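Comments concern the structure below.
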There are 4 protein chains.
Amino acid sequence: VNPQIESAPASCPLAQRFEQVRAQSLRLAEPLSAEDCQAQSMPDASPVKWHLAHVTWFFETFVLEVFEPQFKPHNPAFRVLFNSYYNAVGNKHPRAQRGLLTRPSLVEVLDWRQAVDARVLHLLATPPSQANVSQKMSQIADLIELGLQHEQQHQELLLTDVKHLLFCNGLRPVYRKSWPLAQVAPVALRWLEFAGGVVQIGQDLADHTSPGKRFAFDNETPRHLQHLRPYALANRLVTHGEWLEFMQDGAYSDARWWLSAGWDWVNTHHVDAPLYWTQHTAGDASADWHSFSLHGEAPIDPHTPITHISYFEADAFARWKAATDPLCRGARLPTEFEWEAAAAPQEAALRSAGNFIESNALHPMPVARTPRDAADGQTSPLLQALGDVWEWTSSSYQAYPGFAPWAGAVGEYNGKFMVNQYVLRGGSCATPRDHIRASYRNFFPTDTRWQFSGLRLARSA
Amino acid sequence: VNPQIESAPASCPLAQRFEQVRAQSLRLAEPLSAEDCQAQSMPDASPVKWHLAHVTWFFETFVLEVFEPQFKPHNPAFRVLFNSYYNAVGNKHPRAQRGLLTRPSLVEVLDWRQAVDARVLHLLATPPSQANVSQKMSQIADLIELGLQHEQQHQELLLTDVKHLLFCNGLRPVYRKSWPLAQVAPVALRWLEFAGGVVQIGQDLADHTSPGKRFAFDNETPRHLQHLRPYALANRLVTHGEWLEFMQDGAYSDARWWLSAGWDWVNTHHVDAPLYWTQHTAGDASADWHSFSLHGEAPIDPHTPITHISYFEADAFARWKAATDPLCRGARLPTEFEWEAAAAPQEAALRSAGNFIESNALHPMPVARTPRDAADGQTSPLLQALGDVWEWTSSSYQAYPGFAPWAGAVGEYNGKFMVNQYVLRGGSCATPRDHIRASYRNFFPTDTRWQFSGLRLARSA
Amino acid sequence: VNPQIESAPASCPLAQRFEQVRAQSLRLAEPLSAEDCQAQSMPDASPVKWHLAHVTWFFETFVLEVFEPQFKPHNPAFRVLFNSYYNAVGNKHPRAQRGLLTRPSLVEVLDWRQAVDARVLHLLATPPSQANVSQKMSQIADLIELGLQHEQQHQELLLTDVKHLLFCNGLRPVYRKSWPLAQVAPVALRWLEFAGGVVQIGQDLADHTSPGKRFAFDNETPRHLQHLRPYALANRLVTHGEWLEFMQDGAYSDARWWLSAGWDWVNTHHVDAPLYWTQHTAGDASADWHSFSLHGEAPIDPHTPITHISYFEADAFARWKAATDPLCRGARLPTEFEWEAAAAPQEAALRSAGNFIESNALHPMPVARTPRDAADGQTSPLLQALGDVWEWTSSSYQAYPGFAPWAGAVGEYNGKFMVNQYVLRGGSCATPRDHIRASYRNFFPTDTRWQFSGLRLARSA
Amino acid sequence: VNPQIESAPASCPLAQRFEQVRAQSLRLAEPLSAEDCQAQSMPDASPVKWHLAHVTWFFETFVLEVFEPQFKPHNPAFRVLFNSYYNAVGNKHPRAQRGLLTRPSLVEVLDWRQAVDARVLHLLATPPSQANVSQKMSQIADLIELGLQHEQQHQELLLTDVKHLLFCNGLRPVYRKSWPLAQVAPVALRWLEFAGGVVQIGQDLADHTSPGKRFAFDNETPRHLQHLRPYALANRLVTHGEWLEFMQDGAYSDARWWLSAGWDWVNTHHVDAPLYWTQHTAGDASADWHSFSLHGEAPIDPHTPITHISYFEADAFARWKAATDPLCRGARLPTEFEWEAAAAPQEAALRSAGNFIESNALHPMPVARTPRDAADGQTSPLLQALGDVWEWTSSSYQAYPGFAPWAGAVGEYNGKFMVNQYVLRGGSCATPRDHIRASYRNFFPTDTRWQFSGLRLARSA
């Protein structure tokens, strides 16, 4: 970060947070060349340069353009090039062709970031002179916080997109070499019972920036009641080792375990292993599997949580497990409500024990520490619920009862996507620690695999 | 029906019902030639001949093969040709190529139907001599009932598939000519309030054929609790006239109203009107629209319920209505639970007032009669909830808590499809009256339009 | 043929020929039900009913509409439904949806045929009273002859399309049972040398119906000079047995033999054998191959000419043969000019010895008879050049120098297709004997296989 | 070029030529950043970095690996990454994913180039000590010359690929700004008559590097005879102005002018103008058209030759011109033989007058100079035959009689592509002047537009 930028006053924690989050994005791009930042490996992914520009576009468009007196855009053309979705904001460059934007250069994008950073910090440091100052400052703060949450989401995407890009190169280049990590003894699968009943789900429709209020996306609101039957969750995530047993049992070619649409997907795409798995010696399904991580290719470690699986695979695994393992009779995916009701009471302990982007592992890790609440010292038997991998739930992504999107263009953020996607919970090894919470709803289509997606088993009591 | 078939004994209502349902399928095919029964207009649809054969295959495979002593298939090749989905039963002919099965001929299929009918009736008339007779007879009765419910579903599909086929012919040939129907004065839209709270949804896991027990599919079970906020439903369905206003307001080219996936769908397929609508004079979106029904092509009648719309269109209409009509502020699609909680108490009255396949209209009708319960004379203000059109709900098609599919191959009936589909409720003008109930869950992907699909508005209180 | 139709006068050979050709189309449809005549197995193929209607449309549109006083169409809607390509004639039903035209029925189409037959014969029998009668009669005769040639082309397509349809049915139903045919001892491959030089190719731009003039399509004109280097042709066609050696040698998975586009085609479509070949026992490429013919499925006969191969396969076979068989060093496909220069001098003998539709074999046959010219008793060493299978040449389908399409809509017959197709020569076992000649140019894209296509090797001297 | 590289001895013109051609590739990449060199805009195009690497791969694989004692590859992985097609050489990176190879970096590729350059020059400077030196040196020289011709082809592709890439960016960035060029008065279209007869086509199968021998690709051999009817060629290329008339006449929506496959292409892709044309104001087809060049976007200049058209468009234009302009009755595309027979006698004059890559225009130019043979001062009335734009011919790309591909892997260079492509003649404004000749055959599929492709009219006398 450029020292010329006027430093955030100690009295403004939002300015400090702004600087930290913005700096983290640059740190993630550090191991990459301008060429690495240019390429787009598939329509679902974006180039790193585009991520860095788009999150900047968000601040310029939703903060500076609205609140800066005598606003002038850094470059008017960037408005179209780096708009992602917002129809209310105007035209946008075709999503699948983001990798063709060789101009502006990475250097120009970084200059733009720096200029926008300075202007945002200046805005925070110099309250407007007009009336209703405090209302305006509160609006500015809300939108900056939203922009930072948005940037943190793109930090995770930046990593998953780069991982996909590097895997497309036969050289299998490495993002950052810090592998191998020490192996850890396995934790046995145990069922944790929950009573169900009528439970509170989601967050209040509160002003997130009030003292003591945490940020939440509109899709987590409003807080409401759900009625749950008694249920149980597995104490830990499903592992690579368990997945190998699933493959050894021929599950990828056995229609019994698959949803009809999943069976079509497996056969159309000739799927026979999770994404990023390769076999160095061709042969039987169980032998010699490697997987590619941001640290390079390595033999799979049976104790690490399984990841890079689709909803279809997660669902099929649960059906197979239910039918073949007497200890897991009735196993299925949890609903998002079951998951949240179990995790919410232990949120602080789970967050402090979790494996997030800050650990630099950038890969799900075997269970190592028992979650302990920093505040009260309580331990939680629910392992790995925050961090490591996003957990597929059986809940389709729908509006909560009473849901209303935010007003204005930012209202296109979530609500427009509430169809044909499924909810994942808990964050991953590529999520910033302070970005996740028990009520957080991530969502992807059922065939998505390039995110750090995994699963935890559930069953009805 | 052939008189040589041994007639159902008066003492066996199931045999009578069997004869009636089977005869109804033949009646539906009567206006059609062997050529009409041969063609398949798209992969989602099936030829009429295939429908007639497949429902027969169901009885041969799941009843005769299991319970008939010395069972021999009518023709072993039919097992593969007319299997629809059941992987547990073995191979199947490719779905998209059902229209290429010119052999067996329609005559051979009808012969097969007659032979299977006789054998099923014989089975019902001659209880097995072995032990545990009554348990066996109960299993047989259950499977026959399932087969009849299955056949009734295919009766509806037969009509929607033929409609699609005839529409593909520039001559726009007619299935059966009984149009036009008398116009009826409109009923004003009114909001009916419901208190919500914890409600019972679905059916018990009971033996459906016990005296007094009604049949239900496994996907309606188990009966369980849902917590609902207070809500309101429109007293009637959305009409063709209201849809025209939506089109006149440019809604098909206005991104504001559409889900992101819906907007892609509209633009990819150049959708600008419901399925089967054509404009005889090209020009502005509001003028001169005709629609095609099983009675031929006619100018649209503004008072009939809108039909042949996708989930995306239903959802967009609700958003548009919410934003543009002050009387409908907050309008949205109902959840399937809101719908069932409102309709279940009035089920008998709604069924007796409904416009079903038996009316021979084969098209949704304007509101004409107030539903009245035959038993207690009560009237219901909820109009058209059963019959006319299937109503899109905002609920994705998922397992109820505690759901377990039926054992054996028939367990592939419903559960395998519980992903990426949305629930429709209430039956249509092509549904047999005794086939529908308030707990019935139909389901289709969000871009489906060839079914009689429409919508009723809801809102939170 | 209906006896009420006014019989062709003995004095009018064209009327006799008209009756014969029209009757032959009906004979070809005889083994088929209305359902068989309805279905369309792929966009390239047409239903038999459509063929029967389209050739009738040709006479109604290009003869009756132009020359009949007070012309009225049999049914105005048929003009659109049964137009194949002619943009100058107006709209047309989408090609891929011909199988959806269940109305008009086969019976109605046959009625239409009969009515048009009667009207054409009446036109021929009653010369117009106006001036320039003879010029008009000559135009009428020309167009009727064109219509008959057109109908003969569709007779061949009718058979190849039905073959493809029946193959799509797992029952593998039979068109007409007259198999098996007696096996015949093989004829050794021998090279026939030709001197080349400047040769005459094609037909004069003459009035085809003048006495002594034979019909030719516009694409065979004008007669012009080509310079050929000395070359050799194989005395016979490549056989099923030789093709099996090609497969045994792994040729379908060896990039060396294939054009770049052919190699893509093989891999994209997983091609590993000619069309209609199936292996009853899975295993090595050489064992247990059957092929499907209009007489049903049978083990391949090594001495019959290979058929149902694409240009890519024919070309790859020649490269493989050139590289692996010392007797065939330099083998390649012939050019269409080399082929015509060799066959034209022996045309009469080749035609009288050929295996055509009239033999009812409907499958290529082993060499049995040495072609002998009926007129002068001369024998030809060039075997199977007319009939059996269309022979792929290395010539792309292009206009001859000085080519001009016929005036009017019939000018769309050939010229519009002169791009991205390759020329096949010699007719097949499904071609009417009097339809073929040495100058005849058939043409298909390089991936076409459902025609009776085969090959004869050539090489430069 | 690096001064440390051992300089080519004055006695070795091939070494000098090698240095010059290799340096020209680097000059073409100079205006581009590493990011510009990374991106691939479509599967048909390649990134600039890939071009620079692939031509280097060619020298390493076909020269150094074969002739260098103790050969070791610069980096073994590059063998797979930068192989384009040669199946005989082994695996290759998928063509459509060349833009994903962010490693090696541009800097590493340039290092590789420099290292290979030094090794090739060293090889040329140090004759092998063994026997048959002169035969080996001759083989080396042949392969280096082939490699240089290959590199010159990629120089043209580098420019056309970059043009396509820059056009995909809404900013429409410029490769090199040297526009606008002075307008020039039009030259009237005039027909030049040629007598035809038996003409010599192509090149001898000679040793290209013998003194006085010019290089030719194997697809130009062998020299052989063609018989041509008398014909005429237009004295100049078709212009942008004439193309605008074609558009003004509604030609893109008039089926009459189009081949059947061309009409499908126009409608499937909604083609209504040449590639790179945009209309700044929407409106009638004739107004306000701009086109994009390597110098940026500018209003079209009516006198410049038309370019970036497909074969289908060129063919349709000729048909339209033939039917609507009395001076052009009978207009059509020339055959490649007509073109070569006309251009070959004037080759030297045409080459010296042509607009090639060396002019830096990088866009076709209006007729300015009359071609004059430098040697004998003769002038040619045939304008623009070499340079400006590649001219579509009606000849499909086929082997000449007696054609044999080169032995070894380089034999995959041309022959494997001789199907479903059409021949273009004459080179373009992006072709190196010393790379083109009258017998040169370029070839592309009929829907290709991103090359500098245009047309010259022909007709039969």
Side-chain angles (χ1 to χ4, degrees), chain A residues 29 31-43 45-50 52-53 75-83 90-110 161-175 177 296 450, chain D residues 29 31-43 45-50 52-53 75-83 90-110 161-175 177 296 450:
Chain A
L32 304 170
S33 69
E35 290 151 290
D36 291 332
C37 294
Q38 176 62 46
Q40 176 180 28
S41 61
M42 59 172 172
S46 296
V48 169
K49 181 168 76 180
W50 193 92
L52 294 175
N75 183 328
F78 293 0
R79 189 184 177 83
V80 168
L81 293 182
F82 300 115
N83 181 1
N91 287 330
K92 49 192 183 296
H93 181 79
R95 178 175 184 114
Q97 299 196 359
R98 289 176 181 167
L100 307 188
L101 296 174
T102 62
R103 324 271 177 98
S105 69
L106 178 60
V107 167
E108 289 173 285
V109 165
L110 294 179
D161 292 358
V162 155
K163 184 171 180 176
H164 191 266
L165 170 65
L166 297 177
F167 183 70
C168 293
N169 189 329
L171 302 177
R172 297 285 147 80
V174 163
Y175 169 74
K177 193 79 193 173
W450 97 108
Chain D
L32 303 171
S33 70
E35 290 152 290
D36 291 332
C37 293
Q38 176 61 47
Q40 176 180 30
S41 60
M42 58 171 174
S46 295
V48 168
K49 181 168 76 182
W50 193 91
L52 295 174
N75 183 329
F78 292 0
R79 187 182 177 84
V80 168
L81 294 182
F82 301 116
N83 181 1
N91 287 330
K92 50 191 184 293
H93 181 79
R95 175 173 187 117
Q97 298 196 1
R98 290 176 182 167
L100 306 187
L101 296 174
T102 61
R103 324 271 177 98
S105 68
L106 179 59
V107 167
E108 289 172 285
V109 165
L110 295 179
D161 291 357
V162 156
K163 184 171 181 176
H164 191 266
L165 170 66
L166 297 177
F167 183 71
C168 293
N169 188 329
L171 303 177
R172 296 286 144 79
V174 163
Y175 168 74
K177 193 80 193 171
W450 97 107

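This is a predicted model, so every value here is computed, not measured. The figures that follow rest on heavy atoms only: side chains count, while hydrogens, waters and symmetry mates do not. Chain letters run A, B, ... following the sequence lines, proteins first, then strands; residues in each count from 1.
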Looking only at heavy atoms, what is the nearest atom pair of [X] and [Y], with distance?
| X | Y | value |
| --- | --- | --- |
| D:Arg103 | A:Pro173 | NH1-CB, 3.7 Å |
| A:Cys168 | D:His93 | O-CE1, 3.5 Å |
| A:Leu100 | D:Asn169 | O-ND2, 4.5 Å |
| D:Ala34 | A:Glu35 | O-CG, 3.7 Å |

- Would you say A:Gln38's side chain and D:Ala39's backbone share a donor-acceptor pair under 3.5 angstrom? no
In terms of heavy-atom pairs under 4.5 Å with chain A, the winner among D:Leu32, D:Val80, D:Leu106 is D:Leu106
**Message:** Please identify, among D:Cys37, D:Pro104, D:Ser105, the residue contributing the most non-hydrogen atom pairs under 4.5 Å to chain A.
**Reply:**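 With the most close heavy-atom pairs to chain A, the winner is D:Ser105.
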Turns out that what part of D:Leu166 lies under 4.5 Å from chain A's heavy atoms comes down to side chain
**Report entry** Set of residues satisfying ring-ring contact (aromatic ring centres under 6.0 Å, His included) with respect to D:Phe78, sequence neighbours excluded
**Finding:**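 Only D:Phe82, D:Trp112 meet the ring-ring contact (aromatic ring centres under 6.0 Å, His included) criterion with D:Phe78.
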Whatever's closer than 4.5 Å to a heavy atom in chain D on A:Leu101 counts as both
**Message:** Test of understanding: with side chain to side chain contact (heavy atoms under 4.5 Å, CB included), list the residues that count as partners of A:Arg95, not counting sequence neighbours.
**Reply:**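 Here the qualifying residues are A:Ser46, A:Arg98.
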